[in-house]
Amino acid sequence: MAIAKAERLMNLALCLLGTRRPLSKRELRGSIEAYLEAGNDESFNRMFERDKDDLRELGLVIETVENLEGETGYLARRDSNRLPPVSLDAEEAAALGLAAKVWQQARLAGAASGALQKLRAGGMPEAGDLYEGQHSAIEPRIPVHEAAFEPLMLACRDRRPVVFDYRKSTAARPGTRQVEPWALECWRGHWYLAGFDRDRGAERVFRLSRITGKVRSRAAKYTAEVPDVVTVRETVAKWAGESAERSARIRLRAGAGYPLRAKATAVREGGDGWDELEIPYGHGLDAWLVEFGPDVVVVEPADLRADVVDRLRAVATG
């Protein structure tokens, strides 16, 4: 049975870290089982070069040394691959604890929990009273229901192009998209993928709930440069028709509706248990406001107020 690549990379890393002198390709091939099964020299050389590049990309510092016989040797010195000690105060530890609790429904849950255990074993404070006292009411969660999330998350991390079927809101049938994924982001309870659409030759944002079927990854390099900043939320908001020039005025019960407050461009305290907010007005705002029920009253524009009232009546009679 073929040995998994992860195991092969681990064995190569251990060999390079455990040696006191540079090891040649020949010696490494004789020490690692997967290389013994590689077949001919050409297959082994290709596999070794790929593995060496992958380890370097993961951060392992591998030195190349020429010996007296003119043979190339490789080693990874421990002092060059040792991270400095992790030093966190109680507030930083609390922030990490909250971040780890976010990923409870996705593949990162185990990794986040394991990372915290390792940090605590290395001396990271437990955060104690600070965490329990100030953040006990905070239960951060990022909902992940779409099957496309995990393969796209891995594709973004590994910089691998993907192919999937996507149904636009205005289309009756899905179409195939070839995308170089950049980043995933959650906005108003929905996950979006930003990336380079190869067929259209431009940046595009895709809503994960509209991806049908499986996401297939492709072993190829990116053809477009990944931008330093990917503005997923701004792009989605623009498509939804939101802008700073068009706003709605609402009354919001004091102490309620934090997501609306975070979105507001202006907030005025009413003194009567209600605050007045101005928020960007775009497509879908009426459905979002209805979620806050009796804590929200629309002041203007009139058409938004009418839409919200209609939706509330439909809920009451439904």
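None of the values given here were measured: they were computed from a predicted structure. Values reported hereafter were calculated over all heavy atoms of this structure, with side chains retained and with hydrogens, waters and symmetry mates removed. Quick note: residue numbers are just sequence positions, from 1.
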Test log, rule salt bridge (charged side-chain N to carboxylate O under 4.0 Å, His left out), inputs R261 and D275
CA-CA 10 Å; R261 296 178 186 276; D275 299 328; 2.9 Å; yes
Show your reasoning for whether ring pair (Phe, Tyr, Trp, His ring centres under 6.0 Å) applies to Y74 and F48.
CA-CA 11 Å; Y74 305 90; F48 174 74; 5.2 Å; yes
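- Between M47 and K52 there is no side-chain heavy-atom pair separated by less than 4.5 Å.
- Between the side chain of R46 and the main chain of D41, no donor-acceptor pair closer than 3.5 Å is present.
- By the side chain to side chain donor-acceptor pair (under 3.5 Å) test, E276 is found to be paired with R249, R268, residues two or more places apart in sequence or in another chain being considered.
- Side-chain atoms of D295 and L260, non-hydrogen and from C-beta on, never get closer than 4.5 Å to each other.
- Summarising the geometry, atom CG belonging to L58 is positioned 7.0 Å from atom CG belonging to L9; distances are rounded to the nearest 0.5 Å.
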N/O donor-acceptor pairs under 3.5 Å from side chains in residues 154-164, not counting sequence neighbours:
from: R159; atom 1: NH1; to: C156; atom 2: O; distance (Å): 2.8

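- Here D272 pairs with R251 in a salt bridge; the nearest charged N to carboxylate O distance falls below 4.0 Å.
- C15 and I32 get closest at one heavy-atom pair: SG-CG1, 4.0 Å.
- Side-chain atoms of N11 and Y35 form no donor-acceptor pair, as typed in the model, at a separation below 3.5 Å.
- In the model, R21 has no side-chain atom that pairs as donor or acceptor with a side-chain atom of T19 under 3.5 Å.
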